[in-house]
Amino acid sequence: MDLPTLSIGQFDLVYNFFSLTIATMFASGIFFFLGQRLVAPKYRVGVIVSGIVVFVAGYHYYRIWESWHAAYTLTEGSYVASGVPFNDAYRYADWLITVPLLLIELIAVLGLAKAISGPMLRNLSIASVIMIALGYPGEVASDSGTAWIFWFLAMIPFLYILYVLFAQLKDTIANETGEVATLFKRARAVIAISWWVYPLAFVLPILGVLSGAVGEVGLQVGYSIADLIAKAFYGVVIFQIARAKSDADGYEPA
């Protein structure tokens with residue numbers, strides 16, 4: 001894919017958003033790793049996984065930031081393609097690791113019996129890997145027909161994941177009360193809202209809505225915001241759930 005020529009402001013907006021994302025991911029990771037001591041042992045896995053997710057994302061965003069810088073050169077007041085390819089595939093490498101872990105975070109703090117959580121985690125993890133694997137060929141496809149085929153195929157596991165979170169877990173979450181129930185609903189909402197950004201961002205270029213410099217900047221900034229919400233902010237909600245359930249169990253940190 002040919003990179004469009006960008007103004008200094010457009011280039012810097014993406015560059016600085018990548019920097020912001022890197023800092024937020026690593027800072028939240030430190031918080032999760034230190035904060036896991038404040039929750040009961042049986043809920044710590046969810047908080048620790050939250051830390052792993054943002055550290056993995058922080059690493060990949062650092063590589064994306066490096067690639068973005070190398071892909072452009074400042075010439076006569078504008079940033080033009082340097083000839084070094086911009087490796088946006090780091091995003092898919094990141095999603096392939098972090099998306100299954102995001103689902104593990106939620107299931108871990110639910111405190112479900114292993115007989116229920118085990119098969120559910122297996123099915124959700126497989127579905128998420130298939131979803132990401134199908135998305136990448138469509139992202140790099142040179143024709144819209146191929147892109148649409150892979151978009152529809154990737155939407156099948158995507159909708160299955162939402163079905164599990166909103167239908168199969170409905171009764172489980174309904175058994176929770178007070179703050180815990182509110183936080184569980186918030187966690188599901190964060191997943192649903194932030195995750196819809198990705199398939200929409202996928203189809204907008206196909207429809208010709210996102211194109212040229214504005215499209216490239218919008219895509220990179222939009223993905224960054226979605227990742228911040230889906231990983232760092234979502235991790236904070238997971239931590240809040242773990243704290244609330246620990247308090248309900250009468251756990252007192254040492």
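A quick note: this is a predicted structure, and the numbers were derived from the prediction, not measured.
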Exercise. Which residue, Leu106, Val53, Ile229, forms the side-chain contact (heavy atoms from CB on, under 4.5 Å) with Tyr234?
Worked result: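 With Tyr234 as partner, Leu106, Val53, Ile229 yield a single side-chain contact (heavy atoms from CB on, under 4.5 Å), made by Leu106.
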
Which of parallel (below 30°), tilted (30 to 60°) and perpendicular (above 60°) describes [X] and [Y]?
{"X": "Trp68", "Y": "Phe86", "result": "perpendicular"}
{"X": "Trp151", "Y": "Trp148", "result": "perpendicular"}
{"X": "His69", "Y": "Tyr15", "result": "tilted"}

Problem set entry | Shared hydrophobic cluster for Met131 and Leu165 (ILVMFWY, side-chain gaps under 4.5 Å) |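 Result: yes, single cluster for both.
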
Exercise. Linking I/L/V/M/F/W/Y whenever any side-chain heavy atoms sit under 4.5 Å apart, do Val164 and Trp195 land together?
Worked result: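 Yes, Val164 connects to Trp195 through the hydrophobic network.
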
Main-chain N/O of [Y] paired to [X] side chain as donor or acceptor, under 3.5 Å:
{"X": "Arg37", "Y": "Leu34", "value": "yes"}
{"X": "Arg44", "Y": "Val39", "value": "yes"}
{"X": "Thr24", "Y": "Thr21", "value": "no"}
{"X": "Ser224", "Y": "Gln220", "value": "yes"}
{"X": "Ser246", "Y": "Tyr251", "value": "no"}

Would you say [X] has more than 12 foreign heavy atoms packed within less than 6.0 Å of its [atom1]?
{"X": "Tyr136", "atom1": "OH", "value": "no"}
{"X": "Tyr62", "atom1": "OH", "value": "no"}
{"X": "Phe233", "atom1": "CZ", "value": "no"}

For this session: Could you tell me whether Phe239 and Phe31 have their ring centroids closer than 6.0 angstrom?
Result: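 Yes, ring centres under 6.0 Å apart.
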
For this session: Indicate, with yes or no, if the rings of Trp65 and Tyr61 have centres closer together than 6.0 Å.
Result: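 They do not qualify: ring centres at least 6.0 Å apart.
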
Shortest non-hydrogen contact from [X] to [Y]?
{"X": "Pro157", "Y": "Ala127", "value": "CB-O, 3.2 Å"}
{"X": "Thr5", "Y": "Ala213", "value": "O-CB, 3.5 Å"}
{"X": "Gln10", "Y": "Val217", "value": "CB-CG2, 3.7 Å"}
{"X": "Arg243", "Y": "Leu38", "value": "CD-O, 3.2 Å"}
{"X": "Phe158", "Y": "Pro199", "value": "CZ-CG, 4.3 Å"}

Problem set entry | pair Val109-Phe184: side-chain heavy atoms closer than 4.5 Å |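 Of all side-chain heavy-atom pairs linking Phe184 with Val109, at least one is under 4.5 Å.
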
For this session: Indicate whether any N or O donor in one side chain lies under 3.5 Å from an N or O acceptor in the other, for Tyr223 and Asp88.
Result: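 Note: Tyr223 and Asp88 side chains miss the donor-acceptor criterion.
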
